[in-house]
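Worth saying up front: this structure is predicted, and the values here are computed from it rather than measured.
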There are 2 protein chains.
Amino acid sequence: MEKVACCTRLLTVPLPQSDADELAARFKALADPARLRLLSLIAERGEVCACELVGPLGISQPTVSHHLRVLFEANLVERERRGRWIHYRVIDTTVDALREALTQTTV
Amino acid sequence: MEKVACCTRLLTVPLPQSDADELAARFKALADPARLRLLSLIAERGEVCACELVGPLGISQPTVSHHLRVLFEANLVERERRGRWIHYRVIDTTVDALREALTQTTV
DNA sequence: CACACATATCGACATATGTCAATATCATTC
DNA sequence: GAATGATATTGACATATGTCGATATGTGTG
């Protein structure tokens, strides 16, 4: 997926359709409690092995994997295979862009 | 709906289930392009009559009304009836809380 | 009260999404 | 190559969600 356009703000200018589509897709990835919690665990540690994410939330491995995929495809996390293991990290720029989208002008 | 807890951050501490549920509900309200665009129109003007929101996006009046309801129930907008008309405003504190949730510690 | 206008709600429909068991795929080891 | 371990994918299922036409509800006017 392509990156969110720099400095898109939804609260100050009428949002173009293309920006709305992209932002909505990202918010949709965040619109699930399990995914928020997974993202939180990843962000807290900086980098987490998938194996550490299966268990803490009390959901099945396929579900965890599915959620990680949603986060990955929304460009919210990056992943790196290390042998048998896959590590996940939060993509700060995407999160920053979402935060920016929620920002009002301060002028 | 109750307000988002002050200063919830999903990127710095493991997110409790209750916070995750609430945040997810709010992000879900933002997870639709039409709703983002409606919110954008409302925020840009500060206050908008529903009648001004039916048309710009090219979707039907019931759909607009439905979306406004979703935003309202997610506590993202407040509404006020003025005779035949209903006016909507963005609830800044909710948006601020969502932005805060996406904030990393800066220490 | 009847009528007009604004807007919410209902019901139907198509599509999307979360969950899990089973299984496929990838990497490692012997 | 076979076996093992980690993790993604598939398929089934139940539930959720976006859209719209029709209609209900609330407000204002004569």
Residue pair A:Ile91 / A:Leu76, side-chain heavy-atom distance below 4.5 Å: no
Decide whether B:Val77 and B:Val70 are clustered together by the hydrophobic rule: side chain heavy atoms of Ile, Leu, Val, Met, Phe, Trp, Tyr closer than 4.5 Å, transitively. no
Look at A:Arg35 and C:dG18 and indicate whether a side-chain polar atom (N or O) is within less than 4.0 Å of OP1 or OP2. yes
Residues A:Arg89, A:Glu80: salt bridge by 4.0 Å N-O rule: no
Considering only heavy atoms from C-beta outward, does the side chain of B:Asp96 approach that of B:Arg99 to under 4.5 Å? yes
Quick one: what's the B/S/- string for nucleotides 25-30 of chain C, heavy-atom cutoff under 4.0 Å, read 5' to 3'? -SBB--
Looking at B:Tyr88, I'd like to know whether one of its side-chain N or O atoms comes within less than 4.0 Å of OP1 or OP2 on C:dT7. no
Please tell me which of A:Val54 and A:Lys28 maps to the more 5' nucleotide of DNA chain D, matching each residue to the nucleotide holding its nearest heavy atom. A:Val54
Does the ring of A:Tyr88 carry A:Arg79 above it, NZ/CZ under 6.0 angstrom from centre and within 45° of its axis? no
What is the separation between atom CG on A:Leu38 and atom P on C:dG18, rounded to the nearest whole Å? 12 Å
Describe the nucleic acid contact of B:His66 in one word from base, sugar-phosphate, nothing, applying a heavy-atom distance below 4.0 Å. base
Within this structure, what is the NE2-to-P distance between B:His67 and C:dT9, rounded to whole angstrom? 15 Å
Would you mind checking if B:Arg82 and B:Glu47 are paired as a salt bridge, meaning a charged N to carboxylate O distance below 4.0 Å? yes
For the residue pair B:Thr94 and B:Arg26, establish whether any side-chain heavy-atom pair is separated by less than 4.5 Å. yes
Considering residues at least two apart in sequence or located in another chain, which fulfil the side chain to side chain contact (heavy atoms under 4.5 Å, CB included) criterion with B:Arg84? none
What's the CG-P distance between B:Leu71 and C:dA8, to the nearest Å? 12 Å
Within residues 57-65 of chain B, those residues having any heavy atom closer than 4.0 Å to DNA chain C are B:Gln61, B:Pro62, B:Ser65
Flag the pair A:Glu100 / A:Thr103 as yes when at least one side-chain heavy-atom distance between them is below 4.5 Å, and no otherwise. yes
DNA chain C nearest-nucleotide lookup for A:Ala34 and B:Arg69: closer to the 5′ end is B:Arg69
A:Leu30 CG - C:dG18 P separation (whole Å): 12 Å
What does the inter-axis angle of the helix from C:dC1-D:dG30 to C:dC30-D:dG1 come out as, five pairs per end, nearest 10 degrees? 20°
Contact span of DNA chain D against chain B, any nucleotide atom under 4.0 Å from a heavy atom, 5' to 3', runs D:dT17 to D:dG28
Is there a chain of hydrophobic side chains (I, L, V, M, F, W, Y, each step under 4.5 Å between heavy atoms) that links A:Leu102 to B:Leu41? yes
4.5 Å side-chain heavy-atom contact, B:Leu23 and B:Leu98: yes
Closer than 4.0 angstrom, basic N to acidic O: yes or no for B:Arg45 and B:Glu52? yes
Are any of the side-chain heavy atoms of B:Thr63 and B:Leu57 separated by less than 4.5 Å? no
Which atom pairs, donor and acceptor, lie under 3.5 Å between side-chain atoms of residues 27-39 of chain A and protein residues at least two apart or in another chain?
unit_1  : atom_1 : unit_2  : atom_2 : d
A:Asp32 : OD2    : A:Ala34 : N      : 3.1
A:Asp32 : OD2    : A:Arg35 : N      : 3.1
A:Arg35 : NE     : A:Ala29 : O      : 2.7
A:Arg35 : NH1    : A:His67 : ND1    : 2.9
A:Arg35 : NH2    : A:Lys28 : O      : 3.2
A:Arg37 : NE     : B:Leu15 : O      : 3.2
A:Arg37 : NH1    : B:Gln17 : OE1    : 2.6

